[in-house]
There are 2 protein chains.
Amino acid sequence: MPRVTDAHRQARRDQIAQAALRVLKRNGVSDTSLAQIADECGLSIGAIYVNFENKADLARFIATRLFAWRIEELDGLAEGGAVRTPAELMRPLLASMFDENRPPLPVILQFWSKALVDPELHAVLAEQVDALRGSLERALRPWADGCSAGEGAALASRVAQTCLIMAQGFLANRSLFGWMSAEQYLDAVLAAFGPAPLGVSAKG
Amino acid sequence: MPRVTDAHRQARRDQIAQAALRVLKRNGVSDTSLAQIADECGLSIGAIYVNFENKADLARFIATRLFAWRIEELDGLAEGGAVRTPAELMRPLLASMFDENRPPLPVILQFWSKALVDPELHAVLAEQVDALRGSLERALRPWADGCSAGEGAALASRVAQTCLIMAQGFLANRSLFGWMSAEQYLDAVLAAFGPAPLGVSAKG
DNA sequence: ACCTGAACACCGTTCAAGT
DNA sequence: ACCTGAACACCGTTCAAGT
């Protein structure tokens, strides 16, 4: 009867992962022990090892199940071939970070750090961010083709990566220092690199 | 004779911190034990505790001594009141990340993560990044005043923060995925948000 | 004054023993 | 088939004992 066992196993894995995420939010990634997770989900330490290979495997499961970005919105914006500028697409990208079903930003930053020394966790995060990059690239394609008809694909690819790098910076800064809101960030990017200096029309 | 003792103490602290950084580069922050550091510098674990309060205190010392950014270049660019655009100042800012006297970028990212759960380490990093932000803000002032005479100070402050957030993103992405060089990043930022779409003049 | 290394409480991991 | 909890090697930290 493997089906019953599999369902039970999936439920156990979700139960443990959800409990682990609650402890992670409270105590930080490196200060969370398996004993705390076992207490939180009402099981023993051994039960965690029945359902996961080890602590790193549990971390990968959490990253796979809970870190997946909602990319439907970006895909939706791309439909119909409407021309959306990078600035217009950055807005939903940054807003998606604050989705309440997502782990808090500091937890994500701590997983980035773990991925630097855990190749398998790195692969999980790389796959997720690449899916996000692909959606952004598709959504940018009409704008990119308008900029340079022949090189639209290459431009969309480069700019999609760049928008994600800028979003990574926002996530890190928001977690560590909280200098700005997403709206202030976008406004300042346009003021710094945008077409016309802000305030010129008002001042002169 | 406290002077002899103090000099000896400083030398010991530097000896231990340099050894610790070598192990950090090899093994990552969380996989480096005090036993490894003691072996690397030829002392015992107890000797580390003679010279540092604990492991977190050693980490703070490393961050203070070795993470200080070279801001003289930015200050030099600001002298004489020359107008430098954000894009022009981003170049030396990103280049400074690859100074060979600085710890590698992945080590810095791991310290960011540690700072999220260590308020004293967070204060050290916040002080350093704020000094960098101040230099950038001064260097941006002529440009900002040119954009909007009355609001130059506020604009320079906002844009300095924004450039640092974008640099944070570059550091994180470079450490994790290495998508782009600094030059490619700047080019793509200008293509995405800059005044004229690239390639228009060439394409017609 | 400075250093050592054994001792302590904890961690992740394993595994014989239970149900 | 699933779970428990004691055992193990390790970690950061302390401290009596050395020089």
Side-chain angles (χ1 to χ4, degrees), chain A residues 1-17 19-21 23-24 26-63 110-111 113-115 117-121, chain B residues 1-17 19-21 23-24 26-63 110-111 113-115 117-121:
Chain A
M1 224 75 107
R3 189 172 305 177
V4 175
T5 294
D6 280 1
H8 178 264
R9 183 179 177 82
Q10 281 306 320
R12 270 278 188 270
R13 286 165 73 93
D14 278 330
Q15 172 190 4
I16 294 168
L21 186 60
V23 184
L24 248 40
R26 288 203 303 268
N27 300 357
V29 171
S30 63
D31 288 346
T32 292
S33 69
L34 290 176
Q36 289 172 302
I37 297 171
D39 282 351
E40 179 77 21
C41 65
L43 293 171
S44 70
I45 293 176
I48 297 177
Y49 277 89
V50 170
N51 291 284
F52 295 99
E53 196 181 326
N54 50 30
K55 197 186 185 186
D57 185 39
L58 170 57
R60 277 194 303 275
F61 183 83
I62 291 174
Q110 288 172 75
F111 269 73
S113 176
K114 279 182 85 77
V117 290
D118 179 343
E120 298 192 68
L121 180 60
Chain B
M1 222 78 103
R3 189 170 307 176
V4 174
T5 295
D6 279 2
H8 177 267
R9 181 179 178 83
Q10 281 306 321
R12 270 278 187 271
R13 286 165 74 93
D14 278 329
Q15 174 190 1
I16 294 168
L21 186 59
V23 185
L24 248 41
R26 287 204 302 268
N27 300 356
V29 171
S30 62
D31 287 347
T32 292
S33 69
L34 290 176
Q36 288 171 304
I37 297 172
D39 282 349
E40 178 78 20
C41 65
L43 293 170
S44 69
I45 293 175
I48 296 177
Y49 277 89
V50 171
N51 291 282
F52 294 99
E53 196 182 327
N54 50 32
K55 196 186 184 186
D57 186 38
L58 170 58
R60 276 194 304 274
F61 182 84
I62 292 173
Q110 288 171 75
F111 269 74
S113 175
K114 277 182 87 75
V117 290
D118 179 343
E120 298 192 66
L121 180 60

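Numbered from 1 within each chain, the chains take letters A, B, ... in sequence-line order. Just so you know, these numbers come straight off a predicted model, no measurement behind them. All heavy atoms count here, side chains included; hydrogens, waters and symmetry mates do not.
- Rounded to an integer number of Å, the gap from B:Arg13 CZ to C:dC2 C1' is 15 Å.
- With rounding to the nearest 0.5 angstrom, the CD1 atom of B:Ile16 is 4.5 Å from the CG atom of B:Asn51.
- B:Arg9 has its CZ atom 8 Å from the P atom of C:dC2, to the nearest Å.
- Rounded to an integer number of Å, the gap from CD of A:Gln15 to C1' of D:dC3 is 12 Å.
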At a cut-off of 3.5 Å, list every protein nitrogen or oxygen paired with a nitrogen or oxygen from nucleotides 9-13 of chain C, distance to 0.1 Å.
unit_1 : atom_1 : unit_2  : atom_2 : d
C:dG12 : OP1    : A:Lys55 : NZ     : 2.6
C:dG12 : OP2    : A:Leu34 : N      : 2.9
C:dT13 : OP2    : A:Tyr49 : OH     : 2.5
C:dT13 : OP2    : A:Lys55 : N      : 2.9
C:dT13 : O5'    : A:Tyr49 : OH     : 2.8

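- In this structure, the CZ atom of A:Phe52 is 15 Å from the C1' atom of D:dC3, given to the nearest Å.
- At the heavy-atom level, A:Asn51 lies under 4.0 Å from the strands shown only through sugar-phosphate atoms.
- Atom CG of B:Leu21 sits about 9.5 Å away from atom OG1 of B:Thr32, to the nearest 0.5 Å.
- Between A:Arg12 and D:dC3 there is a side-chain polar atom (N or O) within less than 4.0 angstrom of OP1 or OP2.
- In a base pair of the Watson-Crick type (N1 to N3 plus N6-O4 or O6-N4) or a G-U wobble (N1-O2 and O6-N3), with each distance short of 3.5 Å, C:dC10 is matched with no nucleotide.
- Nucleotide C:dG5 forms a pair with D:dC15, judged by Watson-Crick or G-U wobble geometry with both contacts under 3.5 Å.
- Nearest approach of A:Ala63 to A:Leu121, heavy atoms of both residues: CB-CD1, 3.9 Å.
- Residues B:Asp14 and B:Phe61 are in side-chain contact: their nearest non-hydrogen atoms beyond the backbone lie under 4.5 Å apart.
- For the pair A:Gln36/A:Glu40, no side-chain contact is recorded, criterion being any heavy-atom separation below 4.5 Å from C-beta on.
- Side chains of A:Val117 and B:Gln110 form a contact here, defined as non-hydrogen atoms less than 4.5 Å apart.
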